[in-house]
Amino acid sequence: MYYVNAFSSTMTNLFQGTPYVTEKNIDSLCYYRALRCMYDEDEEYIEQRRTLLYEFLRHTFDVGQGKTLTRYKRILPIDSDIPRILKNICTAYNDVPNREFDTDNDIIRVLYQSPTFNASIRDAYRKAKLCSFVAVRPFFLNQKLRLDVLTPDLFRVSTDATGFLVEEITYPQWSERGQETVTWNANTVTYADIRGNVTEQRDNPYGLIPFAFMRLKQGDNLYTGGMFAMLEKQLRINKDKFQQDVMAEFNSFPIKVATNLGLKNIQLSPDRILFIDNVVQGEGQLMPPSLDIINGDSSYNDMQMLIDARQKQALTDAGLPPSIVSQQTAPQAGISRVIERLELIETREEDIEYLTTFEQEMARIILRVANTDNVTTVDEQARLVIKFADERVYIDPADEYQLDKGKVRDGVLTVAVFYRKWAGYRHDIPDEEILSSVSNRMKEDVGVWGEAMPTTDTVIQQEQNVPNTTP
């Protein structure tokens, strides 16, 4: 496969000295590296996109010195719509879920108050959607919770007979000793050099593998699934863009053909002239000397239409609604938005089932690590209950304002909550302070307008029989 040709040497070097340098494992590592490089924007991954596309094109285009594909190898297209797709289909963490523990709730809640935690878990979710699963290691740095997310091109696991219970994980890392591999099991953590020689081994202080595995798809084994079809769609789009670039180059300037001029030093800027000598006609007579200019027949716009069609089809195949696929389509709101996003909503609900299990597994590891590393003392038997926010249903603000007024009148929404949402009060401000602030604001209205202007607030208070705090 083209992705094996692209990355086999890289993956072999990463895992040298481990028992995972086998054809089956290297093929799997290359498969996931092909997916991963289309997600990240690091320089290393950007260059790997070019390598991947080059191998993808080799079965179609001739290679060798001076060949078009060879000349373009370092400037092949690197475009990827996959990050955009993942951003739109992975919405479970767009709003921070509500996490509660049945014991030591206040202490445990502090553990999750990290400025990078939610961004990291959102990133892990998108990578798991791309690759079908990832390994996530929670750890504490300066008393703050951090997450190290590994995609399956960066680790291998050993499992029990079921193929799902992880008994050992191995991954490469770089330290003061240089490149090495780290292997965790429930009893030990082992460091080895690139020749497989053990450089350090110590007891596992946690008594468990400090990784939680986020899986979003069930299969025959862990290494199953991934958005490979989407990857190949992207490669075909980039192939079209490569052809478009070549077309633009060859059609930007006319081709000059010098026939039987016998002059070897003629060069017309900006392109070199194409010399053809000893051209004969009829019964062997030389053709008269000539200098012809041939204009290319560019199909650049036709190629752009093909690229646009492929991109829209790729987005549609990923389940994105028309309002996202087509930039000319107005965004939907309310029930129309729900209908057009129905497929994404159903997928989101399926993801949440897997994510709930993952969060509970990771919470158990976080509590163990927090106790072992003396971050704090918590009850490791505390059970996490997590509730993900509902899918956002966007409504026109004027309509939403009127709906919220009706909820207050019906007693579904409190007056204080109404003010918090629409007047910008923080959630930690007590209800009484909010009502007092509103009263002062109404006094200011009297000073400005000369009379008390009728407000939504007063209407709500009157209809709810809420005591008006205005003097």
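Note that this is a predicted model, so its numbers are computed, not measured.
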Are [X] and [Y] close enough that some pair of their side-chain heavy atoms sits under 4.5 Å apart?
X: F7; Y: L52; answer: yes
X: Q179; Y: Q16; answer: yes
X: C30; Y: M1; answer: no
X: F358; Y: I121; answer: yes
X: N185; Y: E167; answer: no
X: R33; Y: L14; answer: yes
X: I46; Y: E43; answer: no
X: T70; Y: K73; answer: no

Query - Step-by-step side chain to side chain contact (heavy atoms under 4.5 Å, CB included) determination, I209 to V166 - result: CA-CA 8 Å; I209 299 176; V166 175; 4.1 Å; yes
For the pair [X] (side chain) and [Y] (backbone), establish whether a donor and an acceptor sit closer than 3.5 Å, ignoring hydrogens and angles.
X: D102; Y: R383; result: yes
X: N204; Y: L208; result: yes
X: D160; Y: T162; result: yes
X: T372; Y: Y206; result: no
X: D193; Y: R195; result: yes
X: R49; Y: I78; result: yes
X: E380; Y: N371; result: no
X: D95; Y: F388; result: no
X: T188; Y: T190; result: no
X: Q234; Y: D79; result: yes

Taking all non-hydrogen atoms of both residues into account, name the closest pair between [X] and [Y] and its distance.
X: G225; Y: Y31; answer: O-OH, 2.8 Å
X: R420; Y: I429; answer: NH2-O, 2.7 Å
X: L35; Y: G226; answer: CD1-CA, 4.2 Å
X: P77; Y: D245; answer: CG-OD2, 4.1 Å
X: I366; Y: P138; answer: CG1-CB, 3.6 Å
X: M230; Y: A314; answer: CE-O, 3.3 Å

Counting only heavy atoms from other residues, nucleotides and ligands, does the tally under 6.0 Å from [atom1] of [X] exceed 12?
X: Q381; atom1: CD; value: no
X: E23; atom1: CD; value: no
X: K144; atom1: NZ; value: no

Distance check, rounded to the nearest 0.5 Å: [X] atom [atom1] versus [Y] atom [atom2]?
X: R74; Y: E47; atom1: CZ; atom2: CD; answer: 7.0 Å
X: D379; Y: L367; atom1: CG; atom2: CG; answer: 8.0 Å
X: N238; Y: M38; atom1: CG; atom2: CE; answer: 5.5 Å
X: T356; Y: D351; atom1: OG1; atom2: CG; answer: 10.5 Å
X: K233; Y: L231; atom1: NZ; atom2: CG; answer: 10.0 Å
X: L216; Y: C90; atom1: CG; atom2: SG; answer: 7.5 Å

**Report entry** Intermediate values then yes/no, salt bridge (charged side-chain N to carboxylate O under 4.0 Å, His left out), R364 and E361
**Finding:** CA-CA 5 Å; R364 181 175 63 91; E361 177 188 356; 5.1 Å; no
Query - Derivation and outcome, salt bridge (charged side-chain N to carboxylate O under 4.0 Å, His left out), residues D148 and R137 - result: CA-CA 5 Å; D148 189 12; R137 182 186 177 185; over 6 Å; no
Report task. Take the angle between the ring planes of Y112 and F101 and call it parallel below 30°, perpendicular above 60°, tilted in between. Result -> tilted
Query raised in the report: Is the Y2 ring parallel, tilted or perpendicular to the F228 ring (thresholds 30°, 60°)?
Result: parallel
Query raised in the report: Got a sec, which residues hit side-chain hydrogen bond (donor to acceptor under 3.5 Å, both in side chains) with N118, two or more places apart in sequence or on another chain?
Result: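 Listed in chain order: nothing, the list is empty.
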**Report entry** Sequence-distant partners of T170, side-chain hydrogen bond (donor to acceptor under 3.5 Å, both in side chains), two or more places apart
**Finding:**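 T183.
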Requested in this report: Mark yes or no: R156 above the aromatic ring of Y223, with NZ or CZ under 6.0 Å from the six-membered ring centre and no more than 45 degrees from the axis.
Outcome: yes
Query raised in the report: Centre of Y39's six-membered ring, under 6.0 Å away, within 45 degrees of the axis: is that where NZ or CZ of R126 sits?
Result: no
Query raised in the report: Are I307 and Q304 close enough, and set up right, to give a side chain to side chain contact (heavy atoms under 4.5 Å, CB included), and what steps lead you there?
Result: CA-CA 5 Å; I307 292 171; Q304 186 60 52; 4.3 Å; yes
Report task. Give a yes or no on whether the ring-centroid distance for F155 and F133 is below 6.0 angstrom. Result -> yes
Report task. Could you tell me whether F242 and F61 have their ring centroids closer than 6.0 angstrom? Result ->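 For F242 and F61, the ring centres are under 6.0 Å apart.
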Requested in this report: Show your reasoning for whether side chain to side chain contact (heavy atoms under 4.5 Å, CB included) applies to F139 and D373.
Outcome: CA-CA 9 Å; F139 65 97; D373 292 351; 5.8 Å; no
Query raised in the report: Step by step, would you call S120 with R146 a side chain to side chain contact (heavy atoms under 4.5 Å, CB included)?
Result: CA-CA 8 Å; S120 296; R146 299 287 191 270; over 6 Å; no
Can you tell me if [X] and [Y] form a side-chain donor-acceptor pair at under 3.5 Å?
X: N25; Y: T22; value: yes
X: S158; Y: Y20; value: yes
X: D240; Y: Q244; value: no

Query - salt bridge (charged side-chain N to carboxylate O under 4.0 Å, His left out) evaluation trace for K67 with D62 - result: CA-CA 7 Å; K67 300 298 183 181; D62 193 11; 3.4 Å; yes
**Report entry** Partner of Y171 under ring pair (Phe, Tyr, Trp, His ring centres under 6.0 Å), chosen from Y191, F211, F15
**Finding:**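 Answer after filtering Y191, F211, F15: F211.
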